[in-house]
Amino acid sequence: IEFTILNKSFHSIFDGLYGGNQHLSTKALAKYGCGSVTLNNFVAYKEGKSYVREELIKDQNEMFRKYLLGPTTALRFKLAAHWYYMRQGKSIRVNIIHSYLGGNFGLRRIMLEIKRNIDLDNPVPLIVGLKLKKGYREGLYNHWVTVTGYGDHFKVLVSNNGKREVLDLKELSEKRMFVATAAIRILEKNQKEEISS
């Protein structure tokens, strides 16, 4: 499968890992930290960070404690992203798109959003909902991952706990209550002024 991917390598940013990993630190982070790891993946990529393992653990813990303590819905993720960037003096837009039970309309919109953002060099946060049917990717449910590339036929490349994986969103969405993206766009100063006027 050929993928269109982000400009910078995730491996070079995350000390050889393909993105952050919630299992590097505390039990609470290991259990509930996938959303905070995903938000930290986005922030680290956009800020051009380059981690050694200890710094990565510190940043993930801080993101978890300050912004996303506990399980995270798409709306909670959006609010945390706004709060994080507001504290940095920046404005963002977060676009949440759901696809329920393999619905094609939502899935097509998700893929268009992923394509638009990857082409703009933005990683895309993706949440996979409750498992409804057995089969494809048994262990992947109630979990956030970071989309780093896209291919044809609903295939995406993701960072999942420091590993690079390929997901078939069509097959996944047919066996989950939903899949959803929470794509983050950092706004330039002139875009902020347009929104406020």
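Fair warning: this is a prediction, and the values are worked out from it, not measured in the lab.
Put simply, the side chain of R76 gets close to the backbone of P71: a donor and an acceptor are under 3.5 Å apart. Of the possible donor and acceptor atoms, one in the side chain of S9 sits under 3.5 Å from a partner among the backbone N and O of H11. Formation of a donor-acceptor pair under 3.5 Å by the K131 side chain with backbone atoms of E138 is found in this model. Of the possible polar contacts, none joining the Y32 side chain to the F64 backbone as a donor-acceptor pair under 3.5 Å is found. Listed for the K46 side chain is a donor-acceptor partner under 3.5 Å among the backbone atoms of D121. In this structure a side-chain-to-backbone donor-acceptor pair under 3.5 Å is missing from N41 to T146. No donor-acceptor pair closer than 3.5 Å links the side chain of N40 to the backbone N or O of S36. Within the 3.5 Å criterion, the main-chain N or O of T72 finds a donor-acceptor partner in the side chain of W144. Put simply, the side chain of N61 never gets that close to the backbone of S25: no donor and acceptor are under 3.5 Å apart.
Taking CG of N142 as the start and CD1 of I127 as the end, the distance is 7.0 Å to the nearest 0.5 Å. Rounded to the nearest 0.5 Å, atoms CG (L167) and CG (L140) are 6.0 Å apart. Expressed to the nearest 0.5 Å, how far CG of L157 lies from CD1 of I118 amounts to 8.5 Å. Distance check: R164 CZ to S159 OG gives 11.0 Å after rounding to the nearest 0.5 Å. Interatomic distance, CE of M86 versus NE2 of H82, reported as 10.5 Å (0.5 Å rounding). The NZ atom of K78 lies 5.0 Å from the CD1 atom of I96; values are rounded to the nearest 0.5 Å.
At a threshold of 4.0 Å, the pair K49-E55 does not count as salt-bridged, since none of the basic side-chain nitrogens sits closer than that to a carboxylate oxygen. Taking the charged nitrogens against the carboxylate oxygens, R137 and E171 have no contact shorter than 4.0 Å, which rules out a salt bridge. Under a 4.0 Å N-O distance rule, the pair K170/E174 qualifies as a salt bridge.
Side-chain contact check for Y136 and D168: no donor-acceptor pair (N or O, by modelled atom type) lies under 3.5 Å.
Both M111 and V145 are assigned to one and the same hydrophobic cluster, defined by single-linkage of ILVMFWY side chains at heavy-atom distances under 4.5 Å. Tracing side-chain contacts under 4.5 Å through hydrophobic residues (I, L, V, M, F, W, Y), one reaches L130 starting from Y100; they form part of the same cluster. In this structure, F42 is not a member of the same hydrophobic cluster as L17, with clusters built from ILVMFWY side-chain heavy atoms closer than 4.5 Å. Cluster annotation: Y84 is not connected to V37 through the hydrophobic network of ILVMFWY side chains, with a link wherever side-chain heavy atoms come within less than 4.5 Å.
Between N122 and R185, the closest side-chain pair of non-hydrogen atoms falls below 4.5 Å. Taking the side chain as every heavy atom from C-beta outward, E54 and D59 never approach each other to under 4.5 Å. With contacts defined as side-chain heavy-atom distances shorter than 4.5 Å, the pair I184/F77 qualifies. Residues D152 and I1 form no side-chain contact, since every pair of their non-hydrogen atoms from C-beta on lies 4.5 Å or further apart. Residues K133 and R176 fail the side-chain proximity criterion, which asks for heavy atoms closer than 4.5 Å. At a threshold of 4.5 Å between non-hydrogen side-chain atoms, the residues I5 and T148 do not count as touching. Proximity of V158 to V166: side-chain heavy atoms (C-beta onward) are nowhere separated by under 4.5 Å. At a threshold of 4.5 Å between non-hydrogen side-chain atoms, the residues N95 and E113 count as touching.
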Side chain to side chain contact (heavy atoms under 4.5 Å, CB included) assessment of L187 paired with K90: CA-CA 7 Å; L187 302 176; K90 296 179 180 176; over 6 Å; no

Verify side chain to side chain contact (heavy atoms under 4.5 Å, CB included) between M177 and L101, making sure each step is shown before the conclusion. CA-CA 5 Å; M177 186 177 285; L101 283 169; 5.6 Å; no

Given side chain to side chain contact (heavy atoms under 4.5 Å, CB included), test D119 with T4 step by step and report yes or no. CA-CA 8 Å; D119 290 350; T4 301; 3.8 Å; yes

Please evaluate residues T181 and I114 with respect to the criterion side chain to side chain contact (heavy atoms under 4.5 Å, CB included), reporting the C-alpha separation (whole Å), side-chain torsions for both, the decisive distance (0.1 Å), and the verdict. CA-CA 8 Å; T181 50; I114 287 171; 4.0 Å; yes

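Relative ring orientation between F10 and F14 is described as tilted, the plane-to-plane angle lying within the 30° to 60° band.
Listed by first then second residue, pairs satisfying salt bridge (Lys or Arg N to Asp or Glu O under 4.0 Å) with a partner in residues 14-38 read D15-R53, not counting sequence neighbours.
A cation-pi geometry, defined here as NZ or CZ lying under 6.0 Å from the six-membered ring centre and within 45° of its normal, holds between K8 and Y45.
Contact record, N117 with A183: ND2-CB, 3.5 Å, taken as the closest heavy-atom pair. Of all non-hydrogen atoms in G162 and N21, the two that sit nearest each other are N-CB, 4.2 Å.
None of V128, V156, L107 except one satisfies the side-chain contact (heavy atoms from CB on, under 4.5 Å) rule with L172; the exception is V128.
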